[in-house]
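Everything below concerns the one structure shown next.
Numbering of ligands and ligand atoms starts at 1, following listing order.
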Amino acid sequence: MNPATITLALSKGRIFDETLPLLAAAGIEVTEDPERSRKLILPTSRPEVRVVLVRATDVPTYVEQGGADLGVAGLDVLIEHGGAALYQPLDLGIARCRMSVATRADFDYPAAVRQGSRVRVATKYTAIARQHFADKGVHVDLIKLYGSMELAPLTGLADAIVDLVSTGSTLKANQLVEVERIMDISSRLVVNQAALKLKREPIRRLIDAFGRARPEQAS
Ligand code: ATP
Ligand code: MG
């Protein structure tokens, strides 16, 4: 591969979709639709820039290990991964949602917390949940799940879940209530440290263009 090539790791779905306008602002157009193509490496209108499609949770690994020079990953994914080796120059302000605690409507969460009882918490986000309840001094039994966390309180597997919420309609459809907001989540640009040194100019230009193009209210 040409040493001047810039590889950007994205996940399909909302991160890909919401990164497209930022790329466009940098003069980069992705010339193939990932929902139609089976390709995992997508060319762009700029011969030196390509996009690799990876699972959202794999973006930090690709960028950290140099499989990609840059990537876009949710703050949730970055915290769970432990992002110490990654340069994180920008909050892109895209894929916004929040990390929250939810329970069944008939579970008295404030009382459980007040009484210091052990709360059974099911989540995919064990690092965030562990830290949150440790900060509150609440004893928890964490149950690691990989999907459909809403089912856990409904089946008696757990008292509460820690999950991403945007509109709240999934919680509502399953008769769960959001009882505590843990943190606001958005997606961040992450950069490989060595690539930043070796390809400083083109990467800087990308960071600057993304910074100017990101939606209002991004910090
Ligand atoms: P997969 O769906 O492949 O299991 P995933 O759930 O991590 O993986 P996405 O659903 O595309 O992948 O989510 C990617 C990122 O978008 C998440 O890490 C999070 O930061 C953010 N996100 C997740 N759900 C929402 C939502 N409902 N609204 C806005 N942003 C969200
Ligand atoms: Mg998902």
Side-chain angles (χ1 to χ4, degrees), residues 8-23 30 32-42 51-64 67-68 70-84 86-102 121-132 142-153 160-191 210 213-219:
L8 172 67
L10 297 176
S11 53
K12 274 200 218 179
R14 58 172 63 85
I15 288 188
F16 182 89
D17 298 343
E18 295 186 33
T19 301
L20 283 187
L22 302 177
L23 284 168
V30 183
E32 224 156 320
D33 177 358
E35 302 300 337
R36 286 160 187 272
S37 162
R38 287 168 186 253
K39 283 190 192 164
L40 298 174
I41 301 182
L42 303 179
V51 169
V52 292
L53 296 174
V54 304
R55 191 80 187 254
T57 42
D58 290 336
V59 168
T61 306
Y62 268 84
V63 176
E64 204 171 83
L70 312 101
V72 176
L75 180 60
D76 51 317
V77 165
L78 290 170
I79 294 175
E80 292 297 321
H81 176 83
L86 290 166
Y87 175 50
Q88 299 182 28
L90 274 185
D91 177 355
L92 296 173
I94 61 170
R96 288 175 167 278
C97 53
R98 56 194 184 269
M99 189 68 75
S100 293
V101 182
V121 178
T123 188
K124 176 176 162 186
Y125 308 98
T126 48
I128 292 172
R130 184 173 292 112
Q131 187 64 53
H132 173 68
L142 287 180
I143 302 162
K144 168 85 184 186
L145 290 179
Y146 293 87
S148 300
M149 281 157 279
E150 300 82 12
L151 197 54
I161 60 173
V162 166
D163 199 3
L164 293 173
V165 181
S166 52
T167 62
S169 55
T170 306
L171 292 179
K172 203 170 172 196
N174 290 291
Q175 290 151 19
L176 298 178
V177 289
E178 187 177 2
V179 291
E180 189 166 36
R181 178 190 285 233
I182 299 177
M183 63 175 74
D184 289 326
I185 299 286
S186 56
S187 285
R188 318 289 160 117
L189 186 68
V190 292
V191 184
F210 279 18
R214 71 200 154 153
E216 292 293 301
Q217 313 158 356
S219 51

Between ligand 1 and S187, is the shortest N or O to N or O distance under 3.5 Å?
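No.
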Purely on distance, is any nitrogen or oxygen of D76 under 3.5 Å from one on ligand 1?
yes
Determine whether a donor-acceptor pair (N or O, by modelled atom type, separation under 3.5 Å) exists between the side chain of E18 and the backbone of A95.
yes
Do S186 side-chain atoms and G93 backbone N/O form a donor-acceptor pair below 3.5 Å?
no
Under 4.0 Å, heavy atoms only, figure out whether ligand 1 is touched by the backbone of [X], its side chain, both or neither.
{"X": "K124", "answer": "side chain"}
{"X": "R55", "answer": "side chain"}
{"X": "I15", "answer": "side chain"}

Which atoms form the tightest heavy-atom contact between I94 and I15, and what is the distance?
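Nearest pair, atom of I94 first, then I15: CD1-O, 4.3 Å.
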Enumerate the atoms of ligand 1 whose separation from the nearest heavy atom of [X] is less than 4.0 angstrom.
{"X": "G74", "answer": "20 (O)"}
{"X": "I185", "answer": "20 (O)"}
{"X": "R96", "answer": "28 (N), 29 (C), 30 (N)"}
{"X": "V77", "answer": "18 (O)"}
{"X": "A56", "answer": "7 (O), 12 (O)"}
{"X": "S166", "answer": "26 (C), 27 (N), 28 (N)"}

Going by an N to O cut-off under 4.0 Å, is there a salt bridge joining D184 and R98?
no
So that I can tick it off, tell me whether R55 and D58 are bridged by a salt bridge, with the cut-off set at under 4.0 angstrom between side-chain N and carboxylate O.
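No, no charged N to carboxylate O under 4.0 Å.
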Between [X] and [Y], is any pair of side-chain heavy atoms under 4.5 Å apart?
{"X": "E80", "Y": "T57", "result": "no"}
{"X": "L189", "Y": "L70", "result": "yes"}
{"X": "V165", "Y": "L171", "result": "yes"}

Is C97 in contact with ligand 1, taking contact as a heavy-atom separation below 4.0 Å?
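Heavy atoms of C97 do come under 4.0 Å of ligand 1.
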